[in-house]
Amino acid sequence: VQEFEHVNGQWSMPWMADLEENKRVAAQPDSPGKTPSTGTPADTQPNTPAPELHSLWQNEERAATVTKKTNEIWHRRHDYWLLAGIIQHGYARWQDIQNDVRFAILNEPFKGEMNRGNFLEIKNKFLARRFKALVIEEQLRRAAYLNMSEDPSHPSMALNTRFSEVECLAESHQHLSKESMSGNKPANAVLHKGRKHGAKNAESND
């Protein structure tokens, strides 16, 4: 983010800076309003060679360029502002990031989903997965740069497998809890049985 901050600026959609400034000035008594910019959003993508990205990300950028929907179709420009938002507000503060007008471009790809009941959940899960993918891609890039190879016998590989199992278990439990709270009787029965089994294991360990 720091590498391209001087190129991209502080606003993902620069023309919105004029609108926000106009609102601020208009709110002050006896102050002439600033005329909003009528131009289209500027292309803030740096004029630098594309980094090594997954082929999927290249296809996204190609689609955004061909259709001229560079705001509506998620690509590496959105990735930059997602990282900038996380730096500004913190990891997993998705709602704060989305509500910050400086990162307004992150809301554009989801406007077609606004009528869905789980709209916020869709956005937050996508942002979390996208950030995770960016972290993985960066680690792979560093490994390639350092000419590192994967050692299956390394203890960290067993730890990675264990973490994956725990993550899968946590997601399953979260899904069951949600279904149980919404009145799903089978989910409630499974959740109750799991809790009883866990309690018995705890007693036997004592």
Side-chain angles (χ1 to χ4, degrees), residues 1 12-13 16 53-61 63-64 69-140 150 155-206:
V1 173
S12 62
M13 303 173 71
M16 290 195 68
L53 296 176
H54 192 277
S55 59
L56 173 63
W57 299 349
Q58 293 177 343
N59 291 337
E60 290 171 344
E61 185 165 1
K69 294 182 178 181
T70 54
N71 290 339
E72 294 84 355
I73 296 179
W74 192 288
H75 59 292
R76 66 188 180 114
R77 182 179 174 189
H78 296 73
D79 289 334
Y80 169 85
W81 289 108
L82 173 60
L83 294 175
I86 291 173
I87 291 174
Q88 180 68 33
H89 294 284
Y91 173 69
R93 304 287 296 182
W94 310 125
Q95 205 58 46
D96 292 336
I97 295 172
Q98 295 167 50
N99 292 338
D100 192 327
V101 291
R102 291 173 297 177
F103 310 120
I105 193 173
L106 300 180
N107 295 314
E108 295 298 307
F110 303 98
K111 286 188 173 180
E113 308 287 339
M114 292 180 66
N115 294 328
R116 299 182 61 172
N118 57 343
F119 173 62
L120 291 178
E121 183 181 358
I122 291 174
K123 291 174 65 177
N124 293 341
K125 282 188 175 181
F126 176 86
L127 295 178
R129 288 197 306 268
R130 192 72 180 198
F131 176 69
K132 185 177 181 179
L134 288 170
V135 172
I136 293 174
E137 182 70 16
E138 174 61 16
Q139 294 301 317
L140 291 175
E150 184 178 296
S156 62
M157 296 304 297
L159 187 61
N160 179 61
T161 302
R162 185 59 177 167
F163 276 140
S164 298
E165 293 174 352
V166 172
E167 183 179 20
C168 181
L169 181 62
E171 290 180 355
S172 300
H173 188 274
Q174 183 182 25
H175 179 71
L176 275 174
S177 298
K178 184 178 179 181
E179 290 294 316
S180 178
M181 292 178 65
S182 65
N184 188 319
K185 292 184 178 180
N188 189 36
V190 172
L191 189 63
H192 183 67
K193 186 176 181 180
R195 287 174 176 171
K196 288 179 64 178
H197 183 69
K200 286 183 178 179
N201 287 340
E203 290 176 0
S204 61
N205 290 335
D206 292 340

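Between Arg93 atom CZ and Asn99 atom CG the span is 10.5 Å, to the nearest 0.5 Å. With rounding to the nearest 0.5 angstrom, the NE2 atom of His89 is 3.5 Å from the CG atom of Asp100. A distance of 5.0 Å separates CZ of Phe110 from CZ of Phe126, quoted to the nearest 0.5 Å. Rounding to the nearest 0.5 angstrom, the gap separating the CD1 atom in Ile105 from the CD atom in Glu72 is 9.0 Å. How far CD of Gln95 is from CG of Leu127: 9.5 Å, rounded to the nearest 0.5 Å.
Annotation for Trp81 and Leu106: closest pair O-CD1, 4.0 Å, computed over non-hydrogen atoms. Taking every heavy atom of both residues into account, Ile73 and His78 meet most closely at O-CE1, 3.2 Å. Annotation for Lys111 and Glu108: closest pair NZ-OE2, 3.0 Å, computed over non-hydrogen atoms.
The side chain to side chain donor-acceptor pair (under 3.5 Å) search around Lys185 returns none, not counting sequence neighbours. Evaluation of the side chain to side chain contact (heavy atoms under 4.5 Å, CB included) rule for Met181 yields no partner, not counting sequence neighbours. Residues forming a side chain to side chain donor-acceptor pair (under 3.5 Å) with Ser180 (at least two apart in sequence, or on another chain): Asn188. Partners of Lys125 under the side chain to side chain contact (heavy atoms under 4.5 Å, CB included) rule, at least two apart in sequence or in another chain, are Glu121, Arg129. Residues satisfying the side chain to side chain donor-acceptor pair (under 3.5 Å) test with Gln98, not counting sequence neighbours, are Lys123, Asn124. In this structure, the side chain to side chain donor-acceptor pair (under 3.5 Å) partners of Glu165, at least two apart in sequence or on a different chain, are Arg162. Not a single salt bridge (charged side-chain N to carboxylate O under 4.0 Å, His left out) links Lys69 to another residue, sequence neighbours left out. Among residues two or more places apart in sequence or in another chain, the ring-ring contact (aromatic ring centres under 6.0 Å, His included) test is passed with Trp94 by Tyr91. Annotation: side chain to side chain contact (heavy atoms under 4.5 Å, CB included) contacts of Glu138 (sequence neighbours excluded): Arg141, Arg142. For Glu167, the salt bridge (charged side-chain N to carboxylate O under 4.0 Å, His left out) criterion is met by Lys132, not counting sequence neighbours. Scored by the side chain to side chain contact (heavy atoms under 4.5 Å, CB included) test, Glu179 finds His175, Ser182, Asn184, Ala187 as partners (sequence neighbours excluded). By the salt bridge (charged side-chain N to carboxylate O under 4.0 Å, His left out) test, Glu113 pairs with Arg116, sequence neighbours left out.
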Derivation of the side chain to side chain contact (heavy atoms under 4.5 Å, CB included) call for Phe103 and Leu82 | CA-CA 8 Å; Phe103 310 120; Leu82 173 60; over 6 Å; no
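Contact annotation: the side chain of Arg77 approaches that of Asn71 to within less than 4.5 Å [non-hydrogen atoms, C-beta and beyond]. Counting heavy atoms from C-beta on, the side chains of Phe131 and Val135 come closer than 4.5 Å. Proximity of His75 to Thr70: side-chain heavy atoms (C-beta onward) are separated by under 4.5 Å at one or more points.
A salt bridge links Glu60 to Arg130: at least one charged side-chain nitrogen sits closer than 4.0 Å to a carboxylate oxygen.
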